[in-house]
Amino acid sequence: MNAVTIEPATGLLCLSRALASELLPFEHAAIIHPSDTRTAAIFRGSWFNPDRRCWEDNTFAAHGGNVEEAVARGTPRFVTMNAFRTRSACFKSDWRENPWKETQNLAALQAVWTELDFHDKPAWKHLSPAEMIFHVIERIRSRGWPLPTYILCSGSGLHVVWLHTRVSPRKAMGIWKALQQALNDAFIDMGRDKAAMSATTNLRLAGTKNEGRPVSILWPVHVDEIVRHDFDELCRAILPYTVDEARAYKAKLREQKTARQARIAAPTGTPRLTGTTFYATLLADLDKVMTDRFPGVVDDGHRNEMLFIHARVWAWLMEPDELIARIKAEAPRFGFTQREALTHMRSVINRAKSACNVGRGQADPRYKIGPQRIRVDLGITAREAKRLDLRMLIPPSLRRARAAERAEKSRRARGAASRAEQQSVRLEHGREAIRLREVEGLTRIQIAERLGGVSPSYVDKAVKEAKAVALIRPKRARKTKEELNEDSLEAEILDQKRERRIADREAEAIAAAAMAGSHDSSRYMSNDAGALVAAESPAYHGDIHGVAPPSSEEHERLVSGLAGRPFSVSAPRQHANEEARRRHAWWTDHLRQLTRSLAEGRSASAR
DNA sequence: CGACTTCTGCTAAGTGTCAA
DNA sequence: TTGACACTTAGCAGAAGTCG
């Protein structure tokens, strides 16, 4: 009896009680590509070419109804999981002999899958494929996902496949990709093969051999237990967001962009920034550097480099005619004759000329030149950039410092108080609180009231910090400004130094006091949370908050960091905030699963 | 009761991105 | 480049709890 037969009346597939592990290649192909489909299944195999006396790749295609005949004819070892249009890769050739296996020729999406190469993963490599299936199913169950249609042993790894109702790539490719990604992301630690995720992938056929090892379906046991899922049901069960939520998110992004564009279009006090302002600022910086380094004529060793940089920037600011005129006019400043300058800058001029004839969508041939490149080429240091008050030719450190300055200025303009101010006020309060307690014998509640209705916790903290600062032993008294000479520069510098030193020591003492007790738990970890947990802690008991699920790479690091180490997860705590609660639940659940699978991996390896 | 910790909302600080 | 804004991180503060 065949495991898979076709119902004559309906043309539909009949699955018998036969063992799935004994499925033949054509039966497996017929399950993936049902007989009622008019789209193409593309097969790949190899055949012995008697003329050339070697094995050659053989790719061919068949309709769902012709799978048996095609497989018998071509003896393939692979079949595409999705279906293609009956079009040929070459003009005038037959699609059956020369199928077009590319994304743009996809006719129907009908499966999602993950290929697991677990044999090189430390936590899993000791397991046999049959043992591994247990863990795969367990993981799928723990996520509440539908069980796969089948799990096939490819001879080296596992193919976990969910066949689903056919959907059009044009309508559903985005969702299908998200589904495929979500499934595969769940198996990164088990060695999911990134290269086998594309919609055009072909996978091994059951009943064939892979380097002598049999390829067969290990789960489910019987052919009639094989089920095809509803695509929408799969999406609902597996995707973290619904299609509507994803649409709403995209709409929000569009809205934000429109709002930003409207804001920019509106007239403001600040100058409107354009490509011209960009290059003009760059040029201003460049001129400052050149005037400073070469007050007269640029010396021989640098003239070509300097003129080349200038010419490339000018090319973005003016028409070719103006560029030529400018090069001629500036030539003496760079130590060139007009003729020499034009010769040396020929390529810049030619590119500027051809840029005038560039059509839409074509690349601009002018040399792209950015501030960082110029800065490195000219070896401009932070000190030089600061001294010349450069705006663009500055190192990243200075750029960051300027951005921070701007942000602070903007905050102050909005009336925000600085942390230093808050801290110095608190220090004064702490000193006053100590005095009130020791001299007037007030309780902390009374002190809190006396300090203007602050909280008792605030008093605690203020006193703690004031005590820490009081413990700083005064160093040998130095000469005062009066003693030295009130107006001397030396006195001023010494005074500044002393003030800075005192401030530094106070800050250190406050920081040390804060560290003496238990410090704030790190509630908001970066996206590196996984790696941080793995690296920092053999048994991490702290809470994890405000953390987005990790990316694939982060997950990979987390898993490799935790393998073979003791690990525990704290009990979830109450979160008022819905988003925080969701994220915390996600992490707790995720890490528990990980702990369990690692523990199972270890106990299995111990046996 | 004081000293201290834990939890959680709020916000300053800092960084990245965007306009072309 | 500048300025505005989104976003993450770190720190602050108050409430509530624990401990001796």
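Values below: all heavy atoms of this structure, side chains included; hydrogens, waters and symmetry mates excluded. Chain A is the first sequence line, chain B the second, and so forth, proteins listed ahead of strands; every chain is numbered from 1.
- Heavy atoms only, all atoms of each residue included: Arg326(A) and Met318(A) are closest at NH1-CE, 3.6 Å.
- Regarding contacts with the backbone of dT1(C), every side-chain N or O of Arg375(A) stays at 4.0 angstrom or more from both OP1 and OP2.
- With rounding to whole Å, Phe278(A) atom CZ is found 13 Å from dT2(C) atom C1'.
- The NE2 atom of His429(A) sits 15 Å away from the C1' atom of dC12(C) (whole-angstrom rounding).
- Closest of all the heavy-atom pairs between Ala315(A) and Leu323(A) is N-CD1, 4.0 Å.
- Note: CG (Asp389(A)) to P (dT1(C)) measures 12 Å, nearest angstrom.
- Rounded to a whole Å, the CD1 atom of Ile394(A) is 9 Å from the C1' atom of dT1(C).
- In this structure, Met392(A) atom CE and dT1(C) atom C1' are separated by 5 Å, rounded to whole Å.
- Across all strands, Tyr458(A) comes closer than 4.0 Å only to sugar-phosphate atoms, never to a base (heavy-atom distances).
- Counting non-hydrogen atoms of neighbouring residues, nucleotides and ligands closer than 6.0 angstrom, the CZ atom of Arg435(A) exceeds 12 such neighbours.
- Here the closest heavy-atom approach between residue Arg437(A) and residue Leu442(A) is recorded as CG-O, 3.5 Å.
- Not counting sequence neighbours, Phe187(A) has no partner by the ring-ring contact (aromatic ring centres under 6.0 Å, His included) test.
- Atom CG of Asp285(A) is separated from atom P of dT1(C) by 9 Å (rounded to the nearest Å).
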Practice prompt. Represent DNA chain C in dot-bracket notation, 5' to 3'. Only Watson-Crick or G-U wobble pairs with both distances under 3.5 Å count; pseudoknot-style crossings use [ ] and interstrand partners use |.
Written response: .|||||||||||||||||||
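- The minimum heavy-atom distance between Phe278(A) and Pro371(A), with the atom names listed, is CZ-CD, 3.8 Å.
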Expected rows: protein N/O vs nucleotides 15-20 of chain C N/O, under 3.5 Å:
unit_1: dA15(C); atom_1: N7; unit_2: Ser457(A); atom_2: OG; d: 3.3

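- Between Arg192(A) and Met197(A) the shortest side-chain heavy-atom distance falls below 4.5 Å.
- Within the 6.0 Å centre-distance limit, the rings of His344(A) and Phe336(A) are counted as a close aromatic pair.
- In this entry the distance linking CG of Leu436(A) with C1' of dG2(B) reads 16 Å, nearest Å.
- The distance between atom CH2 of Trp316(A) and atom P of dA20(B), rounded to the nearest whole Å, is 17 Å.
- Looking only at side-chain heavy atoms (C-beta outward), Leu342(A) and Arg346(A) stay at 4.5 Å or farther from each other.
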